[in-house]
Amino acid sequence: MNAETYQRARRPEQKLERRDAILGAARELALRDGVRAVSLADIAARVGIHKSALLRYFETREQIFLELTAEAWRDWTAALHAGLDGVEPDAGEPGTAALVAEVFARSFGDRPLLCDLIAHTPLNLERNVSPEAVRRYKLTSLGAVDEAAGIVHRVLPELTLEEGGEFVAALASLAGAVWQIANPTAVLAEFYASDPALARACVDLTPRLRRTAEILLAGLIPSRAR
């Protein structure tokens with residue numbers, strides 16, 4: 001769809017198509033340039049409409065990205081099911097926790113947009129939208145964490161459902177933060193690579209998350225005593 005198809009969507013299917021086009025444009029631009037760099041005007045130009053027309057569909061730029069975040073959480077839980085639904089509950093096999101760590105680390109590493117959005121959500125995406133928009137988003141994101149916690153509890157039944165939730169929430173927060181470190185601007189990446197003293201400034205996201213996930217899973221049960 002573009003501006004030449006129809007300037008103003010009037011029928012319900014046209015409005016839905018226009019709304020999907022806006023979300024698609026925002027997704028493409030964010031993957032290319034990073035969430036921080038994408039403006040409302042950028043999204044409108046990509047779709048081929050005026051910025052004022054875009055605001056008929058979304059309250060703000062932040063609401064667009066909040067909806068993309070909710071969509072990304074749903075896709076993420078589907079990936080966890082695909083990776084772990086066939087795994088039998090842990091019967092003392094040490095490799096099961098390692099597999100959970102691997103699947104979770106890869107689930108974030110394969111979803112750069114989700115990681116980028118996670119970092120921006122509490123900083124600004126939830127701060128320039130209506131309470132109802134935040135409520136809709138929170139129901140989705142909290143539901144995704146609960147669903148993921150249930151997967152962890154099923155595969156590693158020695159962990160409680162609450163502990164599974166602690167693991168998921170901690171790893172998700174870390175994924176958002178570490179993704180920013182792992183993806184500096186092109187100029188900074190080149191600068192870091194040119195100076196051996198700065199080699200540690202840029203990290204590899206998935207291995208870092210995998211190692212942290214293993215540590216978290218190993219430490220949850222011993223931490224009960226404290």
Side-chain angles (χ1 to χ4, degrees), residues 27 30-37 68-69 71-90 92-123 141 144-145 147-159 163-223:
R27 185 187 302 109
L31 281 168
R32 189 189 71 185
D33 303 327
V35 173
R36 161 188 308 109
L68 286 179
T69 313
E71 179 184 286
W73 279 121
R74 290 189 287 267
D75 174 69
W76 174 75
T77 55
L80 295 180
H81 280 294
L84 292 170
D85 277 359
V87 177
E88 293 297 321
D90 178 31
E93 295 294 331
T96 307
L99 176 62
V100 171
E102 168 65 25
V103 170
F104 270 82
R106 192 170 1 100
S107 73
F108 287 113
D110 290 346
R111 288 165 178 76
L113 181 57
L114 173 60
C115 294
D116 195 10
L117 288 164
I118 287 172
H120 287 281
T121 298
L123 290 174
S141 61
V145 170
E147 188 172 347
I151 294 172
V152 174
H153 175 58
R154 185 191 67 77
V155 179
L156 299 172
E158 67 270 28
L159 296 181
E163 288 167 339
E166 289 182 80
F167 165 74
V168 174
L171 201 65
S173 297
L174 186 65
V178 175
W179 188 89
Q180 305 297 328
I181 300 169
N183 291 274
T185 64
V187 172
L188 282 178
E190 185 177 352
F191 175 60
Y192 295 154
S194 70
D195 188 341
L198 299 177
R200 292 175 296 167
C202 190
V203 301
D204 196 351
L205 177 65
T206 302
R208 176 66 61 90
L209 290 179
R210 183 188 305 114
R211 174 62 176 154
T212 303
E214 291 172 349
I215 294 169
L216 286 170
L217 291 171
L220 280 167
I221 293 176
S223 71

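Note that these values count all heavy atoms, side chains included, but never hydrogens, waters or copies made by symmetry.
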Return the set of residues passing salt bridge (charged side-chain N to carboxylate O under 4.0 Å, His left out) with [X] (not counting sequence neighbours), or none when no residue passes.
X      : value
Arg208 : none
Arg106 : Glu102
Asp75  : Arg111

Got a second to check how far [X]'s [atom1] is from [Y]'s [atom2], nearest 0.5 Å?
X      : Y      : atom1 : atom2 : result
Phe167 : Thr212 : CZ    : OG1   : 9.5 Å
Leu68  : Leu114 : CG    : CG    : 11.0 Å
Arg210 : Leu205 : CZ    : CG    : 10.0 Å
Leu198 : Phe191 : CG    : CZ    : 5.0 Å
Arg74  : Ser141 : CZ    : OG    : 10.5 Å
Phe104 : Leu217 : CZ    : CG    : 8.5 Å

Give every donor-acceptor pair under 3.5 Å between a side-chain atom in residues 173-188 and any protein atom, sequence neighbours left out.
from, atom 1, to, atom 2, distance (Å)
Ser173, OG, Ala169, O, 3.1
Gln180, NE2, Asp116, OD1, 2.9
Asn183, ND2, Trp179, O, 2.9
Thr185, OG1, Leu188, N, 3.3

Pairing residues for [X] by the side chain to side chain contact (heavy atoms under 4.5 Å, CB included) criterion, not counting sequence neighbours:
X      : value
Leu31  : Arg27, Pro112, Leu113
Arg200 : none
Thr121 : Leu66, Thr69, Leu125, Glu126, Tyr137

Asp85: side chain to side chain donor-acceptor pair (under 3.5 Å) partners, not counting sequence neighbours: His81
Side chain to side chain donor-acceptor pair (under 3.5 Å) partners of Asp110, counting only residues at least two apart: none
Salt bridge (Lys or Arg N to Asp or Glu O under 4.0 Å) contacts in which one or both residues fall within residues 173-186, not counting sequence neighbours: none
Donor-acceptor pairs are to be reported for all side-chain atoms of residues 152-159 against protein atoms at under 3.5 Å, with residues two or more places apart or in another chain.
from, atom 1, to, atom 2, distance (Å)
His153, ND1, Leu159, O, 2.6
Arg154, NH1, Val87, O, 3.0
Arg154, NH2, Leu84, O, 2.6
Arg154, NH2, Val87, O, 3.3

Donor on one side chain, acceptor on other, Trp76 and Ser107, under 3.5 Å: yes
Between [X] and [Y], what is the shortest heavy-atom contact and its length?
X      : Y      : result
Ala218 : Pro222 : O-CD, 3.2 Å
Ala170 : Leu216 : CB-CD1, 4.1 Å
Glu214 : Ala101 : CG-CB, 3.6 Å

